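For this chain, numbers begin at 1 and follow the sequence in order. When a ligand or atom number is given, it counts from 1 through the structure's own listing order. This one's a predicted model, so the numbers in the text were calculated from it and none came from an experiment.
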Amino acid sequence: MGRRTADDAESSTSTEAASGSWEYQTGYDFVVVANRLAVNRVANPDGSTGWQRSPGGLVTALAPIMASSEGAWVGWHGAADETLQPFDHSGLHLHPVPLSEQEVEDYYEGFANGTLWPLYHDVIARPHFHRHWFEAYRRVNRRFAEAAAKVASQGATVWVQDYQLQLVPQMLRELRPDVRIGFFNHIPFPPPGLFAQLPWRHSVLRGLLGADLIGFQRDSDARNFQRAVRDRLGYYIKSDQIYVPLEENHEAGSPLGGDPGRGTAPRQLSVPVEGSYRVAEAKAFPISIDTDRIVELANDPKIIARAAQIRAELGNPKTIFLGVDRLDYTKGIRHRMKAYEELLQDGALRVGDACLVQIASPSREGVASYQELRDEIELTVGRINGEFDTMGHTAIRYLHHSYPVEEMVALYLAADVMLVTALRDGMNLVAKEYVAARKSGDGVLVLSEFTGAADQLRQALLINPHDIDELKASMVTAAKIDPEEARKRMRSLRRQVVSHNVQRWAEEFLQRLREQ
Ligand code: G6P
């Protein structure tokens, strides 16, 4: 099995990148396929570039499984028009998939983040439907499927991740019928009425149904998917088991072009004849965080000291409210700021006593709706600070940066109230990280009921972020909460997060996949 190290990774800027052919055959028993590779490029002090393992929970959860089962990770390395050879880093076998500049525009910024992302998040922003975006999505999904097909050993397990790659399971099944295929959707799956807007809805459903197990964050997501399958394809479904007919050629386009099998199909009312179907299961597996790592950092004296320093630098206010989000319109950052501004106007909160720290990490800056959101948020922050700041204190400390996990944990320790006001969120891991970090048992989590996390974190102060009065009331309640009540709630939240970490999530998914 040929392998190279990161230092050997060759790059080219050729647009032939798009053809993505591997030089040698490998055979890995466990293959993860995700839009992003498990490493990020970093600049070294001497000006050269290197790689760093991604800090996210998914990589943390899967790295030990990869190490023990000879696994490989297939994904895009984040730069356009560049082809890299497979390489090893941090104990991971990495197989970079190239994307051209045009594909980044049409597949990543276009179909994934200009069509699917808004459609799957309750159309908070308007989804754009362009046929050439979908064509790029299909082409890139095929490239990922081919890359996975090349590296998977006979009978391997292949786990495909997220909405960017929904066509991969079916494409992979056609290339490699011997492998076991799992898919996990990290974002919500929309209600059938919204999903129905998608001009390529049948292709997407069939793409997903190529998997043996299709995981979702919430029960409601799994139900939405099952209803879409029942309504659009008419397949028989019983107890999360979907009976997928074998004779259909899932990838064949309609003779008229476009989405195969337009319209609704007659519903199958009984179990089809034995041998005429295969079974795909669709159910919820709520993801979590690397709890031990967060707890360990929360106990680190350096990080505890940094938390105290953050409080002091903010002028030791009585209440620090904290928001930590990718700068995304799904996160309800405007709603949070509106509520906070009104509380300052009403006199319910006073600058000096209260401070809102908003971390907004840069995200998808090539997409117009993200650029507009940034302008709007920054205008709002400027207005609020202009009106309410004093010489010594600020109303909102706004930071448009990403921070390492150590700094995040210091912020969690410094914050009295964590504000998670997403309008729709597959899970929201920040909510879980805050809870994990609050070892002392104090601190209050204000949590939108439109997050997946709200299904598990029932003892948070649950809110509807569209209801500004309710949000304001919860923020005041959180600031003035009886410490015993806060501790009681935090104890219960911590029990949940400590007993359901991301390692358990991955094990449960893979165990179920093995049983399929
Ligand atoms: C969400 C998605 C991930 C995605 C991440 C960051 O969490 O579920 O698939 O990787 O956002 O977005 P980006 O577009 O930068 O990969």
Considering only the protein, which heavy-atom contact is closest to [atom], and what is its distance?
atom                    : answer
atom 12 (O) of ligand 1 : R364 NH2, 2.9 Å
atom 15 (O) of ligand 1 : R36 NH2, 3.2 Å
atom 8 (O) of ligand 1  : D162 OD2, 2.6 Å
atom 10 (O) of ligand 1 : Q164 NE2, 4.3 Å

(Q) Could you tell me if K338 sits above the aromatic ring of Y340, with its cationic atom closer than 6.0 Å to the ring centre and no more than 45 degrees from the axis? (A) no
_Does R364 qualify as a cation-pi partner of W117, given the criterion of NZ or CZ under 6.0 Å from the six-membered ring centre and within 45 degrees of its axis?_
yes
query: Can you find a side-chain donor-acceptor pair between D325 and Q358 that sits under 3.5 Å?
result: yes
Find all atoms of ligand 1 within a distance of less than 4.0 Å from any non-hydrogen atom belonging to [X], and give their numbers and elements.
X    : result
H186 : 8 (O)
I187 : 8 (O)
Y108 : 13 (P), 14 (O), 15 (O)

* Is there a heavy atom in Q161 that sits closer than 4.0 Å to ligand 1? -> no
Report task. Run the salt-bridge test on R306 and E406 with the 4.0 Å N-O cut-off and return the result as yes or no. Result -> no
Between R326 and S363, the two heavy atoms sitting closest are NH1-OG, 2.8 Å
So CZ of R206 and CE of M171: to nearest 0.5 Å the spacing works out to 13.5 Å
